[in-house]
Amino acid sequence: ETGVTQTPRHLVMGMTNKKSLKCEQHLGHNAMYWYKQSAKKPLELMFVYNFKEQTENNSVPSRFSPECPNSSHLFLHLHTLQPEDSALYLCASSQEGLWGMHEQYFGPGTRLTVT
Amino acid sequence: DAKTTQPTSMDCAEGRAANLPCNHSTISGNEYVYWYRQIHSQGPQYIIHGLKNNETNEMASLIITEDRKSSTLILPHATLRDTAVYYCIVRIRGVASYDKVIFGPGTSLSVIP
């Protein structure tokens, strides 16, 4: 138990569906992250929020839309996804969004399957 | 940021020390070495980091060579629960910008009973 929770843990959706992934951290951190982990590919950073402001968007397609209403909650809104978007989506948090100053704590991930 | 190379996989007998190497021959003077691990079906977990001195915490020890071109993560008494992918990352500490790929392929460590 890392203090970072993610829901749902598993999600199957069609290409025309709209769904959202939720992440919540109970650690009092100010930075939150979305990562994507595909089969046989390195973990990729998608978005970074520092003090609720998006500071990084690593060329992520617009069918992925993040939302950070406060420092404890992070959402990833999904729409018109492709089968290649099937992956494990991991959320993480850290005390602030400066790399390495504080360790990142990861949630268990949401296993997404796009059919 | 400096690139790292790690063996793809390693085995270690339970109860023995696991020594995981990492090469980072192009490391610059202000880059730190970080280690994370990812147990199957879980998110990565921070282990340890260092600049040039050897470091130890309750999980592991980090040995960095004098020229800083390589390092070794040591798990002193490996258990089955240490079976995971171990990531060696070299980055400048305290920067606000991030690369898309921070965690490379890593080393898959299997602890054998």
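Hydrogens, waters and symmetry mates are skipped; everything else that's a heavy atom, side chains included, is used.
Considering only heavy atoms from C-beta on, B:I102 stays 4.5 Å or farther from A:P42 through its side chain. In this structure the side chain of B:Y36 reaches within 4.5 angstrom of the side chain of A:Q104, judged on heavy atoms.
The neighbour count for B:R93 CZ, taken as heavy atoms of other residues, nucleotides or ligands under 6.0 Å away, is above 12.
A distance of 12.5 Å separates CG in A:L98 from CD1 in B:I92, rounded to the nearest 0.5 Å. Between atom CG of residue A:L45 and atom CZ of residue B:F103 there is a gap of 9.0 Å, rounded to the nearest 0.5 Å.
Residues A:V114 and A:F75 fall into different hydrophobic clusters, defined by Ile, Leu, Val, Met, Phe, Trp and Tyr side chains chained together at heavy-atom separations under 4.5 Å. Transitive grouping of hydrophobic side chains (ILVMFWY, heavy atoms separated by less than 4.5 Å) brings B:M10 and B:L62 into a common cluster. Connection of B:I27 to B:I48 is established within a shared hydrophobic cluster, with ILVMFWY side chains joined at heavy-atom distances below 4.5 Å, either directly or through further cluster members. Hydrophobic clustering, with ILVMFWY side chains joined whenever heavy atoms are under 4.5 angstrom apart, keeps A:F106 apart from A:V4. Linking ILVMFWY residues whenever their side-chain heavy atoms come closer than 4.5 Å, directly or via other members, leaves B:V85 and B:I112 in distinct clusters.
Proximity to chain B (any heavy atom under 4.5 Å) is shown, for A:E44, by both the backbone and the side chain. Both the backbone and the side chain of A:L43 come within less than 4.5 Å of a heavy atom in chain B. For B:Y34, the part sitting under 4.5 Å from any heavy atom of chain A is the side chain, from C-beta outward, and nothing else. Contacts between A:Y105 and chain B at a heavy-atom distance below 4.5 Å are absent for every atom of the residue.
Residues A:Q37 and B:Q38 have side chains that bring a donor and an acceptor to within less than 3.5 angstrom of each other.
Membership of the apolar cluster around B:I74 extends to B:I63, as traced through chained side-chain contacts below 4.5 Å between ILVMFWY residues.
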